[in-house]
J.: 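What follows is a structure written as structure tokens; I'll ask about it next.
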Amino acid sequence: MCGIVGIVGTTNVNQSLYDALTVLQHRGQDAAGIVTFENERFFLRKDNGLVQDVFRSRHMRRLVGNVGIGHVRYPTAGSSSSAEAQPFYVNSPYGITLAHNGNLTNAEDLASDVFRSDLRHINTNSDSEVLLNVFAHELQKMGKLNPTKDEIFAAVRTVHRRARGAYAAIAMITGYGIVGFRDPNGIRPACFGVRETENGKEYMIASESVALASQGFELIRDIDPGEAVYIETDGSLYTEQCAENPTLHPCIFEHVYFARPDSIIDNISVYKSRLRMGEALAHKILREMPDHDIDVVIPIPDTSRTSALPLAFELGVKFREGLIKNRYIGRTFIMPGQTMRKRSVRQKLNPIELEFRGKNVLLVDDSIVRGTTCQEIVQMVRDAGARKVYFASAAPPVRYPNVYGIDMPAANELIAHGRTEQEVQAIIGADWLIYQELDDLIECAREGNDRVESFDCSVFNGQYPTGDVTAEYLEKLERERSDARKSQRNKELTADSDVIDMHNDE
């Protein structure tokens, strides 16, 4: 999962890009990058690390210009090489940079086509670089010295015909403006907004509406599936549907976990959808255990708080903050390796014993992915003196790999894959485990937008909306993206001291 942002302003946009990326930091903590342009030249800074660590005053002073894009990343494939930090750049045609959120399911075939047919070189293992080169090639085929909006939209139209999978991208065409586009299924989110200034209108495209709101931009709307939004350097804005048969199948896991609660995605409040998840889960608990003996509901911070509060209210029991989070430890399920995840859990959370001692506790989490975190937390709560430990997941069992940009690719590393709920309960050591029903989750997320034809629920039901995910593809993905493969790749990258980042401004 990644975060993207692009701004066409009336003054330097470097600070607004930086601030927007900090708001989107939850979408990627591995690397960050910003590129701007002024006087037909681009200025780029990208590296591994958090936004606040990648950009220093000397970097910000060099990021001049009224137009720019930014990116925060975590490595879907487990690579932590700064060579794969974004935005990516190609010099032909015009000089184009691109920031991408998602994953191309036909990246390997596309990369081969880019080399053999488009005569372009791919320098990394990133599908984002492939996407950039496909867009650049299609724009170059137009053969125009000065591209018009129609030619840019035509290039996006061909990208949709060639690319498969999930992608929300922002490309900056040096000297002309930025174009944002979303895959024809609308799996990954993207929206745009406007800000009035004394010098005129400024526009932003971003992964989540909260990035716009934080910088004083008013949300116009989400980018539709298959749609492209082109903003010229003078502030002229154009939109066009570029897909032949667009349908809206947004990723439901954005509402479960990834997106910030203060975001609006596809006209649906993430916050309200999580409130509804808590209510629906409480109703299921009351159906299955009407005479429950739960003394207290305690969320596992931070994402599950929004669901846990209405759950406690519906059950008529106390809501308490019993686990205190160390905010300087990253998300555990995206850490590269099971050993590191397990070690980080007790560094990340610390129990307040008086909230657990002698009580029957219901722990609430947004989801259970690999199970490492909840297994450690259940034991931690028992050690703190809890009499019984119940565990509730605001999402259904995660049984299948994600292929659209979330780091859940290896099925055999998912605790619920091939197991019953009772078996998962035994593994995590809970006295009782209850999951959200998928139909309830869908209804909780759908309310507010009847245009959502269906959600991408592939991690729960194994149904992939792009229709091109085969068993062979999943097997290959599992080999490449398992924890063992991640560990091997990181060792190789550490040993290779000759990797050169051609575009990083040190």
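Model, not experiment: these values are computed from the prediction.
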J.: Mind checking side-chain hydrogen bond (donor to acceptor under 3.5 Å, both in side chains) for His100 and listing every partner two or more places apart, or none if nothing turns up?
T.: Ser128
J.: Output yes when a side-chain donor or acceptor of Arg182 lies under 3.5 Å from a complementary backbone atom of Ile223, and no otherwise.
T.: yes
J.: Is a side-chain donor-acceptor pair under 3.5 Å present for Tyr404 with Thr466?
T.: yes
J.: Quick one: are Val459 and Arg399 in side-chain contact, heavy atoms under 4.5 Å?
T.: no
J.: Have Glu478 and Asn412 got a donor and an acceptor in their side chains that come within less than 3.5 Å?
T.: yes
J.: What do you reckon, are the aromatic ring centroids of Tyr89 and Phe42 less than 6.0 Å apart?
T.: yes
J.: Check for me whether Lys149 meets the cation-pi criterion with Tyr230, that is, NZ or CZ under 6.0 Å from the six-membered ring centre and within 45 degrees of the ring axis.
T.: no
J.: Determine, using ring centers only, whether Tyr94 and Tyr176 are less than 6.0 Å apart.
T.: yes
J.: Would you kindly say whether Glu129 and Ser126 are connected by a side-chain donor-acceptor distance under 3.5 Å?
T.: no
J.: Identify the two heavy atoms, one from Thr36 and one from Met172, that lie closest to each other, and give their separation to 0.1 Å.
T.: C-CE, 3.9 Å
J.: Within a strict 4.5 Å, meaning less than it, do heavy atoms of the Leu44 and Pro87 side chains meet?
T.: yes
J.: So, for Ala166 and Arg188, which heavy atoms are closest and what is the spacing to 0.1 Å?
T.: CB-CG, 3.8 Å
J.: Any luck finding a side-chain donor-acceptor pair between Tyr167 and His160 under 3.5 Å?
T.: yes
J.: Taking NZ, NE, NH1 and NH2 as the nitrogens, is one of them in Arg276 or Glu447 under 4.0 Å from a carboxylate oxygen of the other?
T.: yes
J.: Has Glu108 got more than 12 heavy atoms of other residues, nucleotides or ligands less than 6.0 Å from its CD?
T.: no
J.: Are the side chains of Ile406 and Phe253 in touch, meaning some heavy atoms are under 4.5 Å apart?
T.: yes
J.: I need the minimum non-hydrogen distance between Asp222 and Asn267, along with the two atoms involved.
T.: OD2-N, 3.2 Å
J.: Within the supplied structure, the quantity of interest is the number of heavy atoms (other residues, nucleotides, ligands) at a distance under 6.0 Å from Arg161 CZ; does it exceed 12?
T.: yes
J.: Taking Thr174 for its side chain and Gly95 for its backbone only, find out whether a donor-acceptor pair lies under 3.5 Å.
T.: yes
J.: Could you work out, with side-chain contact (heavy atoms from CB on, under 4.5 Å) as the rule, every residue matching Thr239, not counting sequence neighbours?
T.: Phe192, Arg221, Glu227, Val229, Leu237
J.: Over all heavy atoms of both residues, which pair between Glu202 and Thr11 is shortest? Give the atoms and the distance, please.
T.: OE2-N, 3.8 Å
J.: Between Ile69 and Ala99, what is the shortest heavy-atom contact and its length?
T.: CD1-N, 3.9 Å
J.: One thing to verify: whether Asp468 and Arg164 come together as a salt bridge, which I'm taking to mean a side-chain N less than 4.0 angstrom from a carboxylate O.
T.: no
J.: Distance only, no hydrogens: is a donor on one side chain within 3.5 Å (strictly under) of an acceptor on the other, for Asp234 and Ser236?
T.: yes
J.: Provide the closest heavy-atom pair for Ala411 versus Pro401 in the form atom of the first, atom of the second, distance.
T.: CB-CD, 4.0 Å
J.: Consider side-chain hydrogen bond (donor to acceptor under 3.5 Å, both in side chains). Of Arg162, Lys141, Gln140, which one does Asp118 pass it with?
T.: Arg162
J.: Thinking salt bridges, do Asp302 and Arg305 make one under a 4.0 Å N-O criterion?
T.: yes
J.: Show the numbers, then the answer: is there a side-chain hydrogen bond (donor to acceptor under 3.5 Å, both in side chains) between Thr197 and Asn199?
T.: CA-CA 5 Å; Thr197 72; Asn199 297 317; 4.9 Å; no
